[in-house]
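Here is the structure we will look at, set down as structure tokens.
Each chain gets a letter, A, B and so on, in the order its sequence line appears, and its residues count up from 1.
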Number of protein chains: 2
Amino acid sequence: MQDKLRRFKASCFQALAHPTRIAVVELLCAEGEVPVSRILEQLGLEQANASQHLSVLRARQIVTGRKSGNQVFYSLRDPILGKVLQLMRQYFESHLHESLEMLKGMETDGEAPK
Amino acid sequence: MQDKLRRFKASCFQALAHPTRIAVVELLCAEGEVPVSRILEQLGLEQANASQHLSVLRARQIVTGRKSGNQVFYSLRDPILGKVLQLMRQYFESHLHESLEMLKGMETDGEAPK
DNA sequence: TTAGTATATTCGCACATGCGAATATGAGCA
DNA sequence: TGCTCATATTCGCATGTGCGAATATACTAA
């Protein structure tokens, strides 16, 4: 069971391990139930891309979708995940400087200083 | 900044997105500062494998290593991560049944019923 | 029926990740 | 010096992930 719990946690973390999916969760957290179209416009995503990310979050049951007529409304399954994100923000802020350094060092992309 | 924060969260979640690394973090959370050898014996890991996972956690600054003579002692950088894991356990338990179903469905491996 | 809008799925490709095997580094000791 | 323990890094390979393009599905309206 210990092991199942760890696999569960790992799979949740993996579902959250992408900036776009974090943004989606934050949006749902802030606005409650929203249609996909709202997610698209708010985050500026490609339709297919968003749908793929939503599919990941759905598979992990982090969000649930409710079909209504033509559209699908998504919402967070459990607000506790909002708390998790908030803790992460707290963590980020209490190590602000190193965290920024870490991000800088981690991304090979960035502003390519030619 | 919003975006940096999301990338930061995502990279932390990614670091935690593996059962072995979860186990390591939990161990450090429970026992404080421990040498790598302790991690190996406690979790039954290959030495190289453990070192790779530790390297991921180090890169994300989730753990820090202190060299002392022959060995390296690791510890959690911030106990707030323990809180995050605890929240996840709470989340897991409050959706116990579906969570187990999800795990079952997610793993192609499992007990291979021939 | 046909057309249109909203969302999901599949495909192919580039890139990341996890693993064990082998090798490297580095400290302490003979 | 050379040897050994503790840990880290590199390599090759299999598998996973993220993306846009194309396609599919499902509902609505006419």
Side-chain angles (χ1 to χ4, degrees), chain A residues 3 6-7 10-25 27-28 33-75 103 105-110, chain B residues 3 6-7 10-24 27-28 33-75 105-110:
Chain A
D3 185 53
R6 283 198 203 105
R7 288 209 303 270
S11 80
C12 285
F13 285 135
Q14 181 165 25
L16 294 173
H18 194 284
T20 298
R21 291 194 295 264
I22 302 256
V24 169
V25 170
L27 183 66
L28 297 183
E33 199 188 48
V34 304
V36 176
S37 54
R38 172 85 183 135
I39 299 177
L40 296 185
E41 71 169 28
Q42 195 66 14
L43 306 181
L45 302 175
E46 292 272 324
Q47 184 269 321
N49 190 6
S51 201
Q52 289 172 123
H53 284 302
L54 284 170
S55 157
V56 171
L57 293 171
R58 242 187 303 122
R60 272 35 183 259
Q61 304 190 177
I62 287 171
V63 304
T64 50
R66 180 180 62 86
K67 227 169 171 167
S68 171
N70 215 0
Q71 20 186 34
V72 179
F73 291 80
Y74 279 93
S75 52
L103 279 179
M106 189 167 313
E107 283 147 22
T108 316
D109 50 303
Chain B
D3 186 52
R6 284 198 202 105
R7 288 210 302 270
S11 80
C12 285
F13 285 136
Q14 182 166 27
L16 294 173
H18 194 284
T20 298
R21 293 194 292 264
I22 302 256
V24 169
L27 183 66
L28 297 184
E33 199 188 48
V34 303
V36 176
S37 53
R38 171 87 182 132
I39 299 176
L40 296 184
E41 72 170 27
Q42 195 66 14
L43 305 180
L45 301 175
E46 293 271 324
Q47 184 270 320
N49 190 4
S51 201
Q52 288 173 124
H53 284 303
L54 284 170
S55 157
V56 172
L57 293 171
R58 242 187 302 120
R60 270 32 183 261
Q61 304 189 178
I62 287 171
V63 304
T64 51
R66 180 180 62 88
K67 228 169 173 167
S68 170
N70 215 0
Q71 18 187 35
V72 179
F73 291 79
Y74 279 94
S75 52
M106 190 167 313
E107 283 146 25
T108 316
D109 48 304

- For C:dA8, does either OP1 or OP2 sit under 4.0 Å from a side-chain N or O belonging to A:Tyr74?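 Yes, within the criterion.
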- Hey, is the side chain of A:Arg66 poking within less than 4.0 Å of OP1 or OP2 on C:dT7, counting only N and O atoms?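 Answer is no, no contact under 4.0 Å.
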- Message: Categorize A:Phe73 for me: base, sugar-phosphate, or nothing, with a 4.0 angstrom heavy-atom threshold over every strand shown.
- Response: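 Counting heavy atoms under 4.0 Å across all strands, no contact is made by A:Phe73.
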- Provide, to the nearest angstrom, the distance between the NE2 atom belonging to B:His18 and the P atom belonging to D:dG16.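 Roughly 12 Å, once rounded to whole Å.
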- For A:Leu16 and D:dT17, what is the distance between atoms CG and P respectively, to the nearest whole Å?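 These atoms are roughly 14 Å apart.
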- Query: Can you give one letter per nucleotide of nucleotides 25-30 of chain C, 5' to 3': B if a protein heavy atom sits under 4.0 Å from the base, S if only from the sugar-phosphate, - if neither?
  - Reply: -BSS--
Enter the distance from [X]:[atom1] to [Y]:[atom2] here, rounded to the nearest 0.5 Å.
X	Y	atom1	atom2	answer
B:Gln52	B:His18	CD	NE2	10.0 Å
A:Glu33	A:Arg38	CD	CZ	13.5 Å
B:Cys12	A:Leu16	SG	CG	12.0 Å
B:Ile22	A:Asp3	CD1	CG	11.0 Å

Does a side-chain heavy-atom distance below 4.5 Å link [X] with [Y]?
X	Y	value
A:Tyr74	A:Val24	no
A:Gln71	A:Val36	no
B:Val63	B:Arg58	yes

- Mind listing the residues from residues 35-54 of chain A sitting with a heavy atom below 4.0 Å of DNA chain D? Number order is fine.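 Within this stretch, A:Glu46, A:Ala48, A:Asn49, A:Gln52, A:His53 sit under 4.0 Å of the strand.
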- Message: Consider side chain to side chain contact (heavy atoms under 4.5 Å, CB included). Of B:Leu54, B:Leu28, B:Leu57, which one does B:Ile62 pass it with?
- Response: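 Only one of B:Leu54, B:Leu28, B:Leu57 forms a side chain to side chain contact (heavy atoms under 4.5 Å, CB included) with B:Ile62, namely B:Leu57.
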